[in-house]
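One structure is given below, encoded as structure tokens.
So you know, we letter chains A, B, ... as the sequences are listed, proteins then strands, and number each from 1.
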Amino acid sequence: MNLFADFSEIIRNELTAMAVESGIALPLDTTRVTAEPPRDSSNGDLSTNAAMVLANQFGVRPPELARRLMSRLRARDGVATMDVAGPGFINIRLTPEVWPRVLDSALRLGDNYGRSTLGGGRKANVEYVSANPTGPLHVGHVRGAVFGDALAELLAVTGYQVTKEYYINDAGAQVDTVARSAHLRYREALGEAVGEIPAGLYPGEYLKPVGEALAKEFGASLAAKDEAEWLAPVRERTIAMMLQMIRDDLAALNIRQEVFFSEKSLHDSGEVAETVADLRAAGHVYQGRLPPPKGEVPPDWEDREQTLFRATAFGDDVDRPLLKSDGSYTYFASDVAYSRNKIRRGFKELIYVLGADHGGYVKRLEAVAAAIAGPGQVEVIVRLCQLVKLFRAGEPVRMSKRSGEFVTLREVVDEVGPDVVRFMMLFRKNEAPLDFDFAKVTEQSKDNPVFYVQYAHARTCSVIRNAEGEGIQPAQPDFSLLSDPAELALMRRIGEYPRLVEAAAVAHEPHRIAFYLYDLAGDFHALWNKGKESPHLRFILRNDVARTTTRLAFLRAIRYVLANGLRILGVRPADEM
RNA sequence: GACCCCGUAGCUCAGCUGGACUAGAGCAAGUGCCUUCUAAGCACUAGGUCGCAGGUUCGAAUCCUGCCGGGGUCGCCA
């Protein structure tokens with residue numbers, strides 16, 4: 001049961017019926033009609049703007065339309081009282097039986113409470129992380145990794161057919177560089193004194209095991225050969241090992257993408273060449289010159305003719321080069337081929353989770369999809385994640401990327417655990433910068449949102465355990481016994497959950513789930529605390545079986561919502577703290 | 001020069017994709033209470049011209065335009 005969606009439909013149906021009676025031309029545009037909880041619950045349980053939005057179409061003033069709509073809604077199930085407020089809101093107070101139905105539905109659906117069919121089975125591809133396979137994931141990757149994973153789950157529970165994907169940049173110069181770096185470590189493993197790692201190569205210690213593995217596999221046979229001979233096999237081994245390390249790191253965060261897509265495979269299969277040929281055949285490719293960039297012109301800029309994709313015809317700011325001057329394909333060319341591959345696999349939504357420094361990619365990705373699939377055929381959604389700043393008890397953690405001394409994803413996860421990392425990464429809008437303080441996020445106090453939410457879940461579990469321990473038998477609950485304002489607030493909150501999940505999915509904003517859970521936990525803790533002052537509000541009342549069993553059922557409903565929300569975020573609901 | 005993101009209480013941020021009568025939390029501050037069915041507390045108070053100026057609208061923190069301030073990006077790299 002989705003209270004607000006149900007009412008929204010009832011209201012739309014009534015409006016349509018009214019339009020028919022009044023001889024107003026159908027179809028009636030009800031897209032802007034809402035049914036939502038009012039900000040202030042003293043205005044009722046549900047309010048609609050229908051009269052204000054449709055007054056023009058009906059040719060009457062909003063209050064008049066509101067009265068006509070109200071007279072039809074009066075007979076509906078669940079409506080207790082209604083009034084017209086302000087410029088024409090209809091505020092509806094629901095009958096007390098509605099909340100029991102909400103709780104019944106949460107209990108009946110259990111793990112499925114909050115799922116929806118919004119996506120209608122549309123195929124969505126969520127690509128995230130996609131870090132170059134040249135080293136371990138560092139803290140800069142954490143946010144996108146968690147965000148992408150939670151977004152994928154959010155879409156999955158709202159009826160999309162989701163594929164979680166990682167694009168491996170295994171075709172460019174950087175993987176050659178990491179292969180050379182690994183070869184040096186290989187020589188080192190063979191006993192050679194290699195000294196300082198030269199500038200331009202990867203200095204990280206993590207390549208030592210790669211060198212040792214190469215030495216074990218190849219003996220000394222690669223040491224004497226020319227680079228032309230050893231580069232390919234060393235590169236292949238190195239990438240495979242780097243990728244394994246990356247997958248292990250992601251697994252530590254409970255992230256398991258089902259597709260790891262190789263850029264190199266697009267070249268090997270000829271898809272890049274095909275893609276360029278297709279674009280050419282469609283008239284989207286030409287030889288031309290680009291104007292120099294405004295502002296800071298690179299010192300090595302030279303005006304030259306190149307093979308360009310007419311991205312500007314699809315909304316991009318400039319046309320994009322497909323071929324380098326040596327005739328090989330640009331990174332962009334394989335990117336286009338990759339988009340084409342996704343589109344051919346049937347995805348209708350291409351979702352990219354990128355760092356904020358990739359903001360410039362949005363238009364070109366949209367342009368590519370439009371050129372290949374046809375305008376409006378697939379939806380490109382890019383979400384940019386801002387930087388994470390690390391702190392240790394208030395002091396910023398210093399990092400130097402140049403020397404290879406960066407904080408790795410693994411270090412963060414090992415120190416505070418995957419649940420804390422995941423929750424904190426999602427407890428902020430993705431495009432806002434985020435501060436992550438190791439001390440604060442592990443603190444066991446009300447000021448730590450992860451703890452606060454986890455503890456709410458653990459608390460529900462513990463009370464249920466205690467009740468079982470006391471031999472209290474589950475029985476048919478009578479939710480009409482729940483009438484305290486704190487209890488009603490919780491019921492309302494539970495009723496909002498399905499609507500909230502859908503709204504978060506539409507907006508592609510998993511952080512809304514995290515904030516909702518924080519509020520829900522707050523409502524629950526508030527009710528709990530009220531039980532200290534007012535013992536009759538406690539969950540277990542030894543002399544009142546009816547209330548106790550009812551409240552235990554209530555508790556189970558709360559627990560489902562907490563657990564379901566946490567599951568979307570990929571945070572394990574703790575049974576005890 | 002262009003494009004993207006951000007600018008809401010002292011601090012950190014929400015604000016449900018335009019809604020109202022008092023713009024919300026948390027921290028910090030002030031006052032009082034508390035030793036608790038699961039413990040790492042509770043209640044109340046104070047605090048904001050929603051960066052600035054216009055505009056659209058019955059109605060704007062939310063949409064449009066222009067400024068100001070902060071961050072990011074801008075041809076063969078990936």
Side-chain angles (χ1 to χ4, degrees), chain A residues 32 34 36-40 42-43 47 49 52-53 55 61-62 85-89 91 132 134 169 171-175 263 289-298 300-304 306-308 316-326 328-332 334-335 355-363 382 384 386-387 427-429 431-435 440 443-449 451-452 455 458-459 461-463 465-467 470 496 499-500 502-504 506-507 509 511-512 515-516 518-519 522 525-526 528-533 535 538-542 576-577:
Chain A
R32 291 173 57 217
T34 59
E36 53 190 19
R39 287 242 169 88
D40 185 343
S42 68
N43 283 331
S47 103
N49 62 358
M52 290 179 293
V53 173
R61 305 194 137 276
F89 287 101
N91 288 333
N132 292 336
T134 54
N169 296 129
Q174 292 198 17
V175 287
E263 179 191 2
R289 292 167 189 279
L290 287 175
K294 298 287 177 1
E296 215 179 305
V297 178
D300 57 344
W301 167 268
E302 55 179 285
D303 189 28
R304 78 166 72 80
Q306 36 192 345
T307 302
L308 297 163
D316 201 354
D317 299 322
V318 289
D319 293 333
R320 305 287 172 183
L322 291 164
L323 296 178
K324 297 185 201 171
S325 49
D326 66 2
S328 64
Y329 293 105
T330 59
Y331 176 80
F332 177 71
S334 40
D335 233 20
D357 55 341
H358 287 66
Y361 277 61
V362 178
K363 287 183 181 177
V382 182
L384 303 174
Q386 271 291 350
L387 294 178
F427 198 60
R428 188 110 313 172
K429 231 179 343 194
E431 65 263 27
L434 184 151
D435 293 346
K440 278 190 190 154
E443 201 173 277
Q444 299 221 329
S445 81
K446 188 182 175 304
D447 306 340
N448 176 4
F451 174 78
Y452 195 62
Y455 185 43
R459 196 170 244 177
C461 293
S462 119
V463 180
R465 268 197 309 271
N466 286 354
E470 295 193 21
E496 283 170 31
R499 179 175 173 274
L500 176 107
E502 289 195 345
V506 168
E509 291 183 346
H511 77 272
R512 293 192 195 188
F515 281 95
Y516 169 87
Y518 184 68
D519 290 339
H525 290 308
W528 181 272
N529 290 323
K530 243 181 147 177
K532 293 177 188 171
E533 302 285 313
R538 296 184 180 188
F539 286 89
I540 298 176
L541 299 171
R542 281 173 188 82
E576 55 190 341
M577 301 301 289

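A:K363 comes within 4.0 angstrom of sugar-phosphate atoms only, judged by non-hydrogen atoms across all strands, and of no base. Residue contacts shown for A:Y455 include a base, since a base heavy atom lies under 4.0 Å away. Across all strands shown, A:R512 has heavy atoms under 4.0 Å from sugar-phosphate atoms exclusively, and none from any base.
A straight line from CZ of A:R428 to P of B:C5 spans 19 Å, rounded to a whole angstrom. Counting to the nearest Å, the P atom of B:C16 and the CD atom of A:E509 are 9 Å from each other. Distance NE2 (A:H511) to P (B:C6): 11 Å, rounded to an integer number of Å. At whole-Å resolution of the value, OH in A:Y452 and P in B:C13 are 20 Å apart. Residue A:L434 contributes atom CG, which lies 8 Å from atom P of B:C13 at whole-angstrom precision. Rounded to an integer number of Å, the gap from A:D317 CG to B:C74 P is 13 Å. Taking atom CZ of A:F451 as the reference point, atom P of B:A40 lies 8 Å away to the nearest angstrom.
Taking only distance into account, the side chain of A:N448 never meets the base of B:A40 through a donor-acceptor pair shorter than 3.5 Å. For a distance-only test at 3.5 Å, the side chain of A:R542 fails to qualify as a donor-acceptor partner of the base of B:C37.
In this structure a side-chain-to-backbone donor-acceptor pair under 3.5 Å is present from A:H525 to A:Y452.
Between A:F451 and A:Y455, the ring planes are parallel. Angles under 30° get that label, and only those over 60° would be called perpendicular.
Look at A:K532 and you won't find any side-chain N or O under 4.0 angstrom from OP1 or OP2 of B:U35.
Atom NZ of A:K530 is surrounded by more than 12 heavy atoms from other residues, nucleotides or ligands within 6.0 Å.
Of all nucleotides listed (B:G75, B:G19, B:C37), B:G19 comes nearest to the side chain of A:E36. For A:Y518, counting side-chain heavy atoms from C-beta on, the closest listed nucleotide (B:G19, B:A39, B:A25) is B:A25. Side chain of A:R459, nearest nucleotide from B:A40, B:C16, B:G41: B:A40.
One C1' atom belongs to B:U12, the other to B:A2, and the distance between them is 33 Å to the nearest Å.
By the criterion of a centre-to-centre distance under 5.5 Å and near-parallel planes under 30°, the ring of A:F515 forms no stack with the base of B:C13.
B:G66 is paired with B:C52 under the Watson-Crick or G-U wobble criterion, all donor-acceptor distances under 3.5 Å.
Judged purely by distance below 3.5 Å, without hydrogens or angles, the side chains of A:T134 and A:Q174 never pair a donor atom with an acceptor atom.
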